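Nothing here was measured: the structure is a model prediction, and the numbers come from that model. Remember, it's 1-based here, ligands and their atoms both numbered in the order they're listed. This chain uses plain numbering: 1 for the first residue, then up along the sequence.
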Amino acid sequence: MSQPELSRVCSEVQAQLPSYVDRSLSRVRRRLVGLHLRRCPECQAEFARQREVSQGLAALAGPPETPPEGLLSSLLDQAANPGMKGRAAVPARGAVSGARPALSVALLVAGAAAGTGIGYAGWRGARATRRRLHRNG
Ligand SMILES: [Zn+2]
């Protein structure tokens, strides 16, 4: 063998590096790999290389999808006043299914926002009640 042989630990650590980079490794293993990386320059170099590859892939895939700001605020408006606006935004049920994924996402977000509003109102009510009780007792 002319090539310098990696120690067994190193080859094991390097086998875990892809999972370490994409954070799918269990906490215990992450810790072990992290400890080894700190004192092994060879594995550090390999880790840096793999991280670059993974970041390169992420850059190729583009930034994570986020709804445009205008869309989100108009959704929040609809969630706040589920009256005419909400109904106007959904002209026909047939149009929603499949053909317009953006709209389905919009409906999901609106639903989540409405749920949060209700939860917050309940929380506020409970708090007020508790404060009143406290003052009386
Ligand atoms: Zn090593």
Find the distance between CZ (Arg51) and OG (Ser54) and round it off to the nearest 0.5 Å.
9.0 Å

Under 3.5 Å, which donor-acceptor pairs link side chains of residues 31-49 to any protein atom two or more places apart or in another chain?
residue	atom	partner	partner atom	Å
Gln44	NE2	Leu37	O	2.6
Glu46	OE1	Arg49	NE	3.4
Glu46	OE2	Arg49	NH2	3.1
Glu46	OE2	Gln50	NE2	3.1

Run through the protein N/O/S atoms less than 2.8 Å from the Zn ion (ligand 1) and write them out by chain and number.
Cys10 SG, His36 NE2, Cys40 SG, Cys43 SG

Apply side chain to side chain donor-acceptor pair (under 3.5 Å) to Arg30 and list each qualifying residue two or more places apart in sequence or on a separate chain.
none

Pairs touching residues 11-26 that satisfy salt bridge (Lys or Arg N to Asp or Glu O under 4.0 Å), sequence neighbours left out
Arg8-Glu12

Tyr20-Val9 co-clustered via ILVMFWY side chain contacts under 4.5 Å:
yes

